[in-house]
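To keep things clear, I will list the structure first and then write my remarks on it.
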Amino acid sequence: MESSEISRDLTTVLVTEEQIQEKLVELAARIDADYVGKDLLLVGVLKGAVMVMADLSRALTSHVSIDWMAVSSYGAGTKSSGVVQIRKDLDSDLTDRHVLIVEDIIDSGLTLSWLLENFASRGAASIEVCALLRKPEAAKVEIDCKYVGFDIPTDFVVGYGLDFNERYRNLRDVAVLAPHVYA
């Protein structure tokens with residue numbers, strides 16, 4: 001879906017599809033260099049990270065394993081509740097594995113903070129985070145995110161996997177959702 005097709009639902013395009021692809025290639029090169037000779041497990045956080053995970057993994061030149069976890073702290077709202085619910089757990093054992101959590105966005109950081117603690121308790125050799133987007137002004141906890149695509153304002157955004165009530169995930173850009181859509 002193109003931004004021009006739903007322009008009445010959006011206020012601003014923050015990051016274009018082209019910018020996203022360029023950034024993911026750049027991040028993949030850094031990840032490849034950092035994990036030479038290591039068994040890397042990419043863990044995508046469903047559903048939002050599907051697009052990021054697909055494009056990032058294809059940009060990597062090294063062998064990686066992929067797993068998925070579904071957690072939620074949003075429900076049907078536009079703000080994180082901070083209460084994490086596991087909807088789908090990992091299939092992989094994390095013991096002595098190098099884990100890279102792949103996220104679409106870091107907002108409050110509460111869910112990701114919980115995930116980091118959870119994965120550490122499972123015996124991972126190392127845990128790092130790759131997020132396409134980060135909202136520094138929305139952070140409620142500090143998250144050490146080694147690979148960040150773009151810092152964005154605290155506006156509610158959709159596209160490239162990010163949704164509002166399961167809509168807009170297939171928007172190719174990342175854009176600010178107009179308040180009249182969710183108000």
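Scanning both residues, V43 and L90, for their nearest heavy atoms gives CG1-CD2, 3.5 Å. Closest heavy-atom contact between V13 and S3: CG2-OG, 3.6 Å. Nearest approach of L42 to S57, heavy atoms of both residues: CD1-CB, 4.0 Å.
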>> Using side chain to side chain contact (heavy atoms under 4.5 Å, CB included), reason through V45 and D104 one step at a time and then give a plain yes or no.
In response: CA-CA 8 Å; V45 182; D104 51 354; 6.0 Å; no
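Residue-environment remark: CZ (R122) exceeds the threshold of 12 foreign heavy atoms within 6.0 Å. The number of heavy atoms from other shown groups lying within 6.0 Å of NE2 (H180) is above 12. When the shell of 6.0 Å around CD of E137 is examined, it contains 12 or fewer heavy atoms from other residues, nucleotides or ligands.
With sequence neighbours left out, the salt bridge (Lys or Arg N to Asp or Glu O under 4.0 Å) criterion links D93 to no other residue. Legend: residues meeting salt bridge (Lys or Arg N to Asp or Glu O under 4.0 Å) with E2, ordered by chain and number and at least two apart, are R172. Listed by chain and number, the residues in a side-chain contact (heavy atoms from CB on, under 4.5 Å) with V176 are T11, T12, L14, D155, V157 (sequence neighbours excluded).
Relative ring orientation between Y35 and H98 is described as perpendicular, the plane-to-plane angle rising above 60° on a 0-90° scale split at 30° and 60°.
From C130, atom SG reaches atom CD1 of I31 across 4.5 Å, with rounding to the nearest 0.5 Å. Rounding to the nearest 0.5 Å places CE of M51 at 6.5 Å from CG of N170. Taken from CG in D32 to CG in L40, the straight-line distance is 9.0 Å, to the nearest 0.5 Å.
A salt bridge (Lys or Arg N to Asp or Glu O under 4.0 Å) with D151 is found for one member of R134, K135, K23 and no other, namely R134.
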